[in-house]
Undergrad: 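Following this message is one structure expressed as structure tokens.
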Amino acid sequence: MEYSCVSLLIFCMSLLCFLISTQGRWHHHHHHTKHKHHSHHDTMPEISVPPEPSTALAPEPSGPPDDENSGGSTEVFDVRKFGAIGDGVTDDTNAFKMAWDTACQVNSSSTIYVPNGFSFMIQSTIFTGPCQGGLVFQIDGTLMPPDGPEEWPKNNSKRQWLVFYRVNQMSLQGGGAIDGRGQKWWDLPCKPHKGINATTLPGPCDSPVAISFFMSSNLTVQGLKVKDSPQFHFRFDGCQNVHVESLHITAPALSPNTDGIHIANTNGVQIYNSVISNGDDCVSIGSGCYDVDIRNLTCGPGHGISIGSLGNHNSKACVHNVTVRDSVIKVSDNGVRIKTWQDVCRLCVGHTL
């Protein structure tokens with residue numbers, strides 16, 4: 001068993017400048033024959049047209065259930081008041097969209113409440129901002145997508161599940177769970193190790209990222225248990241000021257491309273006090289990222305913590321000021337690494353083990 005303890009590891013990258021592209025990256029799986037598999041780390045996510053706000057009459061906000069921290073100043077919108085059933089079978093998408101549209105229009109702070117003891121099935125959805133005030137998405141129950149590609153509506157993107165687009169000052173938090181139901185996606189013939197002699201087979205291969213934040217700022221993601229995403233569990237692209245705290249992300253060791261947290265074109269990132277165990281990078285850092293601080297992370301099994309891969313096609317990509325400290329990486333293919341396609345024009349790396 002490979003075990004590395006990173007007590008203090010500092011990447012000080014005053015300028016990491018590559019004449020390379022930010023497009024694409026390849027994964028190398030160590031079981032059986034080494035095999036290259038393309039992912040979408042550095043491509044822009046496919047964002048469908050944001051839905052128009054619902055014009056249906058919304059219910060009045062409900063009181064916070066045993067919410068001692070609200071102080072009476074936050075309006076709470078329970079998704080059940082908007083028609084959500086929470087039996088794990090009924091499509092609750094419209095109820096969640098209506099709850100979002102209503103909370104988003106409140107001038108003061110508001111909370112969307114997903115209660116404990118219920119499992120809500122939601123289709124691929126975009127929650128669009130900006131909202132009028134700060135918003136808390138409190139998940140104490142369970143969220144889940146349709147069960148596999150055969151159940152996925154044909155007119156919905158298969159590259160995304162839940163997308164938060166152009167939101168500011170939002171917290172996604174709670175003691176609940178997000179279940180990506182990834183097994184049937186991992187079993188697609190195009191995935192690594194599904195063909196003869198560990199090869200892949202032709203066929204559709206798009207798989208959804210569980211939670212995406214796109215062009216958003218002042219974000220907190222805290223306390224949730226997230227498992228078995230079909231592809232990345234979290235993706236932050238074009239974001240600023242992201243605080244991740246006390247997340248628990250799990251997927252099987254052989255699940256393909258199930259990065260825990262992927263960031264691209266994002267700055268001011270803090271990833272603290274979390275556990276990530278999956279089939280790929282615990283944290284992957286793409287082009288355009290800077291001021292990234294990772295602290296007290298338990299990582300593995302998986303591929304460790306990666307900067308890159310940083311592109312091709314002779315374009316420019318820069319990453320700098322990335323810090324990893326007080327963390328444990330175990331049962332992992334790698335510890336902390338920088339992956340490049342071409343020669344580095346300038347690189348400054350300092351670390352202490």
Undergrad: State whether the side chain of W161 and the backbone N or O of I122 hold a donor-acceptor pair below 3.5 Å, judged by distance alone.
TA: yes
Undergrad: W185: what forms a ring-ring contact (aromatic ring centres under 6.0 Å, His included) with it, not counting sequence neighbours?
TA: W152
Undergrad: Tell me, which pairs form a salt bridge (Lys or Arg N to Asp or Glu O under 4.0 Å) where one or both residues lie in residues 261-273, sequence neighbours left out?
TA: none
Undergrad: Can you tell whether the side chains of K225 and D179 come within less than 4.0 Å, N to carboxylate O?
TA: no
Undergrad: Indicate, with yes or no, if V226 and M121 share a hydrophobic cluster defined by side-chain heavy-atom contacts under 4.5 Å among Ile, Leu, Val, Met, Phe, Trp and Tyr.
TA: no
Undergrad: Would R159 and D206 pass as an ion pair if we require N to O under 4.0 Å?
TA: yes
Undergrad: Among all residues two or more places apart in sequence or in another chain, which pass the side chain to side chain contact (heavy atoms under 4.5 Å, CB included) test with P115?
TA: D78, V79, R80, Y113, F118, F120
Undergrad: Tell me which donor-acceptor pairs under 3.5 Å the side chains of residues 142-151 have, and how far apart each pair is, sequence neighbours excluded?
TA:
{"from": "D147", "atom 1": "OD2", "to": "K184", "atom 2": "NZ", "distance (Å)": "3.4"}

Undergrad: Taking ring-ring contact (aromatic ring centres under 6.0 Å, His included) as the definition, give me every residue that meets it alongside F234, ordered by chain and number, with sequence neighbours left out.
TA: none
Undergrad: How would you list, by chain and number, every residue that makes a side chain to side chain donor-acceptor pair (under 3.5 Å) with D291, sequence neighbours excluded?
TA: N321
Undergrad: Looking at Q222, I'd like to know if its CD atom is crowded, meaning that more than 12 non-hydrogen atoms belonging to other residues, nucleotides or ligands lie closer than 6.0 Å.
TA: yes
Undergrad: Using only atom types and a distance under 3.5 Å, with no angle test, would you say the side chain of S216 pairs donor to acceptor with the backbone of V167?
TA: yes
Undergrad: Partners of N273 by side chain to side chain contact (heavy atoms under 4.5 Å, CB included), sequence neighbours excluded?
TA: E245, S246, N296
Undergrad: Suppose the criterion is ring-ring contact (aromatic ring centres under 6.0 Å, His included): which pairs have a residue in residues 277-300, not counting sequence neighbours?
TA: Y290-H320
Undergrad: With sequence neighbours excluded, tell me which residues meet ring-ring contact (aromatic ring centres under 6.0 Å, His included) with H243.
TA: Y272
Undergrad: Test of understanding: with salt bridge (charged side-chain N to carboxylate O under 4.0 Å, His left out), list the residues that count as partners of D87, not counting sequence neighbours.
TA: none
Undergrad: Under the rule for side chain to side chain contact (heavy atoms under 4.5 Å, CB included), what residues qualify as partners of V106, not counting sequence neighbours?
TA: E75, F77, S108, S110
Undergrad: Taking side chain to side chain contact (heavy atoms under 4.5 Å, CB included) as the definition, give me every residue that meets it alongside V209, ordered by chain and number, with sequence neighbours left out.
TA: S212, F232, R235
